[in-house]
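Worth knowing before you read on, the calculation uses all heavy atoms, side chains too, and leaves out hydrogens, waters and symmetry mates.
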Amino acid sequence: LSLDNFSRVTDSVYLEVFRESLGLALLATLLALLIGYPTAYAIAKLPPRWRTVALVLVVVPCWTNFLIRVYAWIGILKPEGLLNLALGAVGLGPVNLLNTDAAVYLGLVYAYLPFMVVPLYAVLEKQDESLLEAAGDLGATPLGAEGDKSPEQRQAVIEANSGLSSALGRLLVLQEYGDAAPVVRV
């Protein structure tokens with residue numbers, strides 16, 4: 001152990017790895033938000049009995065070991081995997097997703113989507129519907145009324161994103177789903 005290791009942090013190789021990892025994490029976070037917010041909103045609008053069922057369906061994958069989920073997706077995405085079998089059955093032909101950036105993003109979003117949906121749901125479920133109705137009475141469109149986020153919604157997005165920040169360290173997803181060579185050159 002020495003301070004030499006800390007001085008190497010500014011080496012161009014490590015800076016490139018950090019830049020690439022940060023880009024992956026930011027885009028995965030944005031994709032998870034784009035999928036997670038409407039999902040949380042839809043769950044919050046379900047009848048109470050169905051909310052529990054929907055939340056369980058969102059959270060159940062977290063009960064499975066991360067490594068098992070990674071290898072399950074490999075079974076789906078590989079050239080002779082379930083995705084290509086289904087596409088072949090409907091005549092759309094095979095696609096090669098494994099070892100692509102798309103597979104990495106899919107893996108990251110899938111892994112962290114529950115951490116985006118649950119905090120957003122917790123806020124949206126408590127949202128007062130009369131406020132949206134009043135906004136509509138004053139001429140706001142439904143999207144416009146929903147677009148003016150409450151401080152609680154902003155806080156939920158921040159909390160969800162802090163959970164996704166660990167996507168920066170998920171090199172396993174890079175190594176198993178994608179081509180890690182351009183990112184990890186050391």
Between L33 and P38 the two heavy atoms that sit nearest each other are O-CD, 4.0 Å

Mind checking the CG-CD1 spacing from L98 to I76? Nearest 0.5 Å is all I need. 11.5 Å

State yes or no: do L67 and I74 share one hydrophobic cluster built from I, L, V, M, F, W and Y residues joined by side-chain heavy-atom distances below 4.5 Å, directly or via other members? yes

So if you build clusters from Ile, Leu, Val, Met, Phe, Trp, Tyr with side-chain heavy-atom gaps below 4.5 Å, do L83 and L92 land together? yes

How many angstroms lie between CD1 in I43 and CD in E125, if you round to the nearest 0.5 Å? 11.5 Å

Joint cluster assignment, V53 & V56, ILVMFWY side-chain distance < 4.5 Å: no

Nearest heavy atoms of T64 and R69, plus distance in Å: O-NE, 3.2 Å

Measuring from L30:CG to I35:CD1, what's the distance to the nearest 0.5 Å? 9.5 Å

Taking atom CG of L31 and atom CG of L106, what is their separation to the nearest 0.5 Å? 10.0 Å

Could you tell me the separation between the OG1 atom of T39 and the OH atom of Y121, rounded to the nearest 0.5 Å? 13.5 Å

Find out whether L124 and Y37 are in side-chain contact, i.e. whether some heavy atom of one side chain is under 4.5 Å from a heavy atom of the other. yes

Do V95 and L85 share a hydrophobic cluster, counting only Ile, Leu, Val, Met, Phe, Trp and Tyr and linking them when any side-chain heavy atoms are less than 4.5 Å apart? yes

Shortest non-hydrogen contact from L108 to A28? CB-CB, 3.8 Å

Using modelled atom types and a 3.5 Å cut-off, is there a donor and acceptor pairing between side-chain atoms of N96 and backbone atoms of P79? no

Out of curiosity, does Y41 fall in the hydrophobic cluster containing W50 (side-chain heavy atoms, cut-off under 4.5 Å, transitive links)? no

So, taking the atom named OG1 in T100 and the one named CG in L77, what distance separates them when rounded to the nearest 0.5 Å? 7.5 Å

Tightest non-hydrogen contact, residues A54 and L46, listed as CB-CD1, 3.8 Å

Should T52 and L55 count as side-chain neighbours, where that means a heavy-atom distance under 4.5 Å? no

Identify the heavy atoms of A102 and L97 that sit nearest to each other, and give their distance. CB-CD2, 4.0 Å

